[in-house]
Every structure is written in structure tokens, then in C-alpha cells.
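Here is the structure we will look at, set down as C-alpha cells.
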Amino acid sequence: MAEEKLPTRAEDFAEWYNQIVLKAEMADYAPVRGCMVVRPYGWALWENITAELDKRFKETGHINAAFPILIPMSFFEKEKEHVEGFSPELAVVTHGGGEKLEEPLVVRPTSETIIGYMYSKWIKSWRDLPVLINQWGSVLRWELRTKLFLRTAEFYWQEGHTAHASKEEALEEMYRILDIYADVAINEAAIPVIKGRKSETEKFAGAQITTSIEGMMQDKRALQSATSHYFGQNFSKAFEMQYLDRNNTLQYCETTSWGLSTRMIGAIIMVHGDDKGLILPPRIAPIQVVIVPIYKNGAEKTKVMEVADKVFAELKAAGIRLKLDDREEVTPGFKYNDWEMRGVPLRIEIGPKDVEKGSVALARRDVPGRDGKSFVPQTNLAAAVSGMLTEIQSSLLKRATEFRDANIHDPKDYEELKKVVADGWAFSWWCGSKECEAKVKEDTKATTRNMPLDQPKGEGKCIVCGEKADKKIYFARAY
RNA sequence: CGGGGUGUAGCGCAGUUGGUAGCGCGCUUGCUUUGGGAGCAAGAGGUCCCGGGUUCAAGUCCCGGCACCCCGACCA
């Protein structure tokens, strides 16, 4: 049950976030530091996200499989950058069945290595390609500083791993998946993300190209919400993923990998939530509508519940995910606050006056107070409710998009860049050098987020060093 | 790993000069309530982080350990 008030976002954004996660019963802290329990309500949201992704993966020819959680330590040493990137955060199993193991086993932090090993056994001919496999599961990274959903030691995700005959095909795959991520983020989660390419310093350990979708949270920090990588032949050479082409010549595969995690839930909370709690986008909300009956005595209760049951049946038949909150032990006012904390997009209130007038009261979660309330007839309610859910979905996306656009700046010089990234993003020309990137990070704590795929035409001067630059990139403080 | 802080009921906390443990919320039961977080009454609930020491007596004082939180360095 939700408790009393949250701190406001303005007072303490980090604490606001923590309390929403706990009070909305999305997740809880596990006894092991850095690990979380995803509670049923949080998991229901995750299931709705995964359903949308899985559908799109399958539509584009992918298939699911499962690879083991334990990986021989030696696999990690086969790809130099990969081991350098991941070794500080590996959890290692050294004992099994009471005996010390010959070779330590790594709890997977990501599965490129074990999947590479398996692919090398399965791929022999150009006819075996492409291999388009996705896995749903969890991984473990020994994080020093954790936060529910945003960075936990263990987290849930999907990781797709594909092998192709040509570079073109692999790159196409990387972008196809990035499009799917952006589609789900924008059209399902109502988060206006930016698709782009990561800098050399920010890319995945072992990748040749990393692309990401980046979203702006309400504290104006950036959140990398999913990544899609092109590996070239880095992993195929390390794991000998080779095939004979049409000319009977041995070739290395071109591979990709891509992932979206439970971090997306953190993004949804931080993009849409308000000072009363969560606001969930209707398309993925576990509960889209809650019905709160109101009555004073037995006689009123009978009449009100009759209407409430009828409304429930009608909306259910229309395919709306809903709940009738018939708890006797709490007042309607408590229920309003409770469901607002949980982010249910639309509330229907039914009381004696509604029974009399043949109406119900609708309260939009995204428009607090009186402005969000309207009274509609009980007839054709399913159509009215569906229409309003659609409207809430688009209004959330619109609001988030306007907020993002209002907080992306185009500073005219380095001094101004330093100012804007303190409370927003900068979108600036960048020469591509690590030194300029590092300088910004040192001066401002802002890192490069990505170079959007839709680049403005022409060229400019690097915001840091003034040298010629042909790409614009986002600078922002990030999670 | 460095700097700071905190460990007392499910949660948040109080506990004076050392004297045998308390408040709020939550929970249970009953009655009255219910259009924006209801009221009254009666209950249940404790390894005071762990170990040692001082003392007639330790939540309180001393020593050692552990855990967690915040700030830094590192990160999806």
C-alpha cells in the first residue's frame, strides 16, 4: 500500500525517484547489495515492454534461444578490448560442489563470448548465414554504485547476437534494431529518444561502432536507453566464426549485438512521473483504468456496484486492462492517491450521483486536479475511454518532446557550453578528438551522448578546440 | 578503493548523568465512516548490528569487527 507523500522533484529528484520505485511497488532492494527484486507491478510493465520488442524482433526474422549463465574465464581473454572493459566488474565462481574449480567461471556480464564460441561451431557455410538469435535473460556486473532499475548488479534484458556474411548486412542489422528500439521507446513508452552513434570513448568494449538511443530525464540528465553494436570481425576472429563463401574461400563473419534492459523502466519513471507519483503510458501500463466506487451505505453500495460491475464488464470486453478497486477498508480519497502513485493513466469514479444521472467521472492521470476530470455518459463508455487513453498517450509524448527540445541548446562558444550543460544538453560541432571530449568531461562532468543519425548539413568548428568539425554531437550529464 | 555518516519494533525516529525500552506511521480485531490520504477503542510486535571489555548494573562508556547510506574515482 502506498504511504504518504513523496519529496517533490524540485526538492530532491534522486530521492523522489527512489521513493516512487518503492511506493509504487515496482521494485525493492534485495539482501545482496546492488541487486533488486522486481515486484509484480514492475514486472508486469516489463512484460508489456518485452512483448512489444519480441513481436518486432520476430517480425524482422529473429528467433529466441537461451545460453548459459556461466562462462569459462578464458573466453573473456580472447578479445582484448572486451576483457579490458569488463574485467573490473566480473563476478567469478571459483568453487562448485565443495571443490575448487580447475578454471574459474564468470557469471555472464553479457554473452558475446559464449555465443561466439557456439556460433563458431554452428556456422560453416554462407548458407548458414545470417544467424539472427535473441536471448531474454539477466546478466551480472559488479557495479560499485547502484540505483534501482538504472544501474543494478543484476539486470534483466534481451541481448540479440547476429552473424552475417557482409559488412553491409551487419550494419543494416545494427540500424534495423536501433529503429526498433526507437519505435518502442517513442510509440509505446512515449519517450522521445535520439538515435545516434557513440564516440570512440563511449562505445561498447569490443565494438567497432556503437549506436544508442538517448532520452532526456526531467532533471535534464541523459539516459542511454538501449544500444546496438557493430563488431566487424573483432569477435569472429577471437572466436573463429568462419564460413566458406560461394567461391569456397574461408571468410570471417561480421557480427552485431544489441540490448535493451529494465533500465527502460527507470526512463519511463523519470520522463513521465510527477510529484504525486508515476505516470504510465497507456499502451504499456499494466492497469490502464481503475474504477473507484463511492457509497455511504448498503443501499447506495448495491446500486453503485451494479453500475461498476457493468462498466467493468463492458471495458474488459473492449480489451482494456482494468481493475475495480472494491476494497472496503480504505476511503475513495485514499484510493485516488494510491492509484496515482502507481501511475494508472485513467480513473473512473462511480458514485450515487453518477448512478442517478447515468454518468461516470473520468480523471486523467496526466492532468492533475479538477482540469483532468470530466463527466461522461455511461453509454458508449468503452469508446470514450479508449479515445482518452489514446489522447493521454500522445499528450505524454508531446509533453516529453517539448521538454526535451526546450532543454537542448546550441551554445555559441565553449564558455556557453559549460553553462548550458549544467542544466540541459548542448548540441555542438565536435572535431572527433578524445582530448576535446575529455576536456568537456573534466570541466563540466558532461559526456558525449551520441552523434544523431540525422546530421545537419555542412560543417562547423569544434566547440572545444575550434578545429574543423563535420559532425554534431550531444553533450550532457548522464546516468 | 579514499572522505564523511548511520546501525533501537515492518518503516521513520527518540532514548538525559549508566538503572531493565518508547513515540509516530503501518499491522490485527471491533464499531462508526466513505465524491481527494477517516475516527474511536482494544491488541500484537524487540538478538537495541555482532564480539569482547569496564561496572552491582550497558541501548548508553571503552576496544575490535561487520553492514548499510551519502560524497568522490569507475560504469549499460
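All values below were derived from every heavy atom in this structure, side-chain atoms included, with hydrogens, water molecules and symmetry-related copies excluded. In the text below, chain A, chain B and the rest are named by the order of the sequence lines, each starting its count at 1. Just so we're clear, the structure is a prediction, and the values are computed from it rather than from any experiment.
Straight-line distance between the P atoms of B:rG5 and B:rA9: roughly 23 Å, to the nearest whole Å. Distance check on atom P: B:rU6 versus B:rG12 gives 15 Å, rounded to whole Å. Comparing B:rU28 with B:rG45, their C1' atoms are spaced 10 Å from each other, to the whole Å. Nucleotides B:rU55 and B:rC62 have their P atoms positioned 16 Å apart, rounded to a whole Å. Annotation: B:rG59 and B:rG7 have their C1' atoms spaced 11 Å apart (nearest Å). For the P atom pair drawn from B:rC70 and B:rG35, the interatomic distance equals 39 Å after rounding to whole Å. One P atom belongs to B:rU60, the other to B:rU8, and the distance between them is 13 Å to the nearest Å. Rounded to the nearest Å, the gap between the P atom of B:rA58 and that of B:rC48 is 12 Å.
In this structure, B:rA73 makes no Watson-Crick or G-U wobble pair, since no nucleotide meets both defining distances under 3.5 angstrom. For B:rU6, the paired base is B:rA67 (Watson-Crick or G-U wobble, both distances below 3.5 Å). Across all strands shown, B:rC27 pairs with B:rG43; the Watson-Crick or G-U wobble distances both stay below 3.5 Å. Summarising the base pairing, B:rU55 is matched to no nucleotide, lacking a Watson-Crick or G-U wobble pair whose two defining distances lie under 3.5 Å. Base-pair partner of B:rG22: B:rC13 (Watson-Crick or G-U wobble, both distances under 3.5 Å). Of the nucleotides present, B:rU32 is the one that pairs with B:rA38 by Watson-Crick or G-U wobble criteria, both distances under 3.5 Å.
With B:rG36, B:rU34, B:rC75 as the candidates, the nucleotide lying closest to the side chain of A:Glu340 is B:rG36. Among the nucleotides B:rA38, B:rG35, B:rA76, the one closest to any side-chain atom of A:Ile294 is B:rG35. Residue A:Thr152 places its side chain closer to B:rA76 than to any other of B:rA76, B:rU34, B:rG72. Closest to the side chain of A:Ser261, out of B:rC75, B:rU34, B:rA76, is B:rA76. Taking only side-chain atoms of A:Lys373, from C-beta outward, the nucleotide of B:rU34, B:rG36, B:rA76 with the closest atom is B:rG36. For A:Tyr336, taking side-chain heavy atoms from C-beta onward, the closest of the listed nucleotides B:rC75, B:rA76, B:rG35 is B:rG35. Looking at the side chain of A:Asn337, the nearest of the listed nucleotides B:rC75, B:rG36, B:rU34 is B:rG36.
A:Thr146 comes within 4.0 angstrom of nothing in the nucleic acid, heavy atoms only. At the heavy-atom level, A:Glu143 lies under 4.0 Å from base atoms of the strands shown. Residue contacts shown for A:Pro88 are absent, as no nucleic acid heavy atom lies under 4.0 Å away. Residue contacts for A:Glu349: at a heavy-atom cut-off of 4.0 Å it reaches a base atom on one of the strands shown. Residue contacts shown for A:Ala226 are absent, as no nucleic acid heavy atom lies under 4.0 Å away. Residue contacts shown for A:Asn297 are absent, as no nucleic acid heavy atom lies under 4.0 Å away. Residue-level contact check: A:Lys353 touches the bases, meaning some heavy atom is under 4.0 Å from a base atom. Contact annotation for A:Leu223: no contact, since no heavy-atom pair falls under 4.0 Å across all strands.
Salt bridge annotation for A:Arg56-A:Asp179: absent, with no cationic side-chain nitrogen under 4.0 angstrom from a carboxylate oxygen. Under the 4.0 Å criterion applied to side-chain N and carboxylate O atoms, A:Lys303 and A:Glu356 are not assigned as salt-bridge partners.
Dashed line: the shortest gap from a side-chain N or O of A:Lys276 to OP1 or OP2 of B:rG37 is not under 4.0 Å. Contact annotation: A:Thr331 reaches the phosphate of B:rA38 (side-chain N/O to OP1 or OP2, under 4.0 Å).
Toward the 5′ end of RNA chain B lies the nearest nucleotide of A:Gly369, the other residue of the pair A:Gly369 and A:Phe155 mapping further downstream. Checking A:Lys441 against A:Ala363, the closest nucleotide of RNA chain B that is more toward the 5' end is the one next to A:Ala363.
Relative to the ring axis of A:Tyr336, A:Arg347 places its NZ or CZ within 45° and under 6.0 Å from the centre. Cation-pi geometry between A:Arg141 and A:Trp157 is satisfied (NZ or CZ under 6.0 Å from the ring centre, within 45° of the ring normal).
The base of B:rG35 sits with one of its N or O atoms less than 3.5 Å from a complementary donor or acceptor on the side chain of A:Asp354. Residue side chain A:Arg370 does not reach the base of B:rG36 through any donor-acceptor N/O pair under 3.5 Å, judged by distance alone.
Rounded to an integer number of Å, the gap from A:Phe149 CZ to B:rC75 P is 25 Å. Taking atom CG on A:Leu90 and atom C1' on B:rA76, their separation rounds to 14 Å, with Å as the unit. For A:Leu22 and B:rG10, the CG to C1' distance is 14 Å, given to the nearest whole Å. For A:Glu329 and B:rG30, the CD to P distance is 12 Å, given to the nearest whole Å. Between the CD atom of A:Glu356 and the C1' atom of B:rG35 there is a distance of 13 Å, rounded to whole Å. What separates CD of A:Glu15 from P of B:rC69 is a distance of 12 Å, to the nearest Å. Atom CG in A:Asp338 sits about 14 Å away from atom P in B:rG37, given to the nearest Å. The CD atom of A:Glu81 sits 14 Å away from the P atom of B:rC75 (whole-angstrom rounding).
Side chain of A:Arg449 to main chain of A:Gly215: no donor-acceptor pair is present (N/O by atom type, distance under 3.5 Å, no hydrogens or angles). Proximity of a side-chain donor or acceptor of A:Glu254 to a complementary backbone N or O of A:His164 within less than 3.5 Å is not detected.
Between A:Phe76 and A:His82, the ring-plane angle classifies as parallel under the 30° and 60° cut-offs.
Side chains of A:Asp54 and A:Asn64: a donor on one and an acceptor on the other come within 3.5 Å.
In this structure, the separation between CG on A:Leu178 and NZ on A:Lys195 is 6.0 Å, given to the nearest 0.5 Å.
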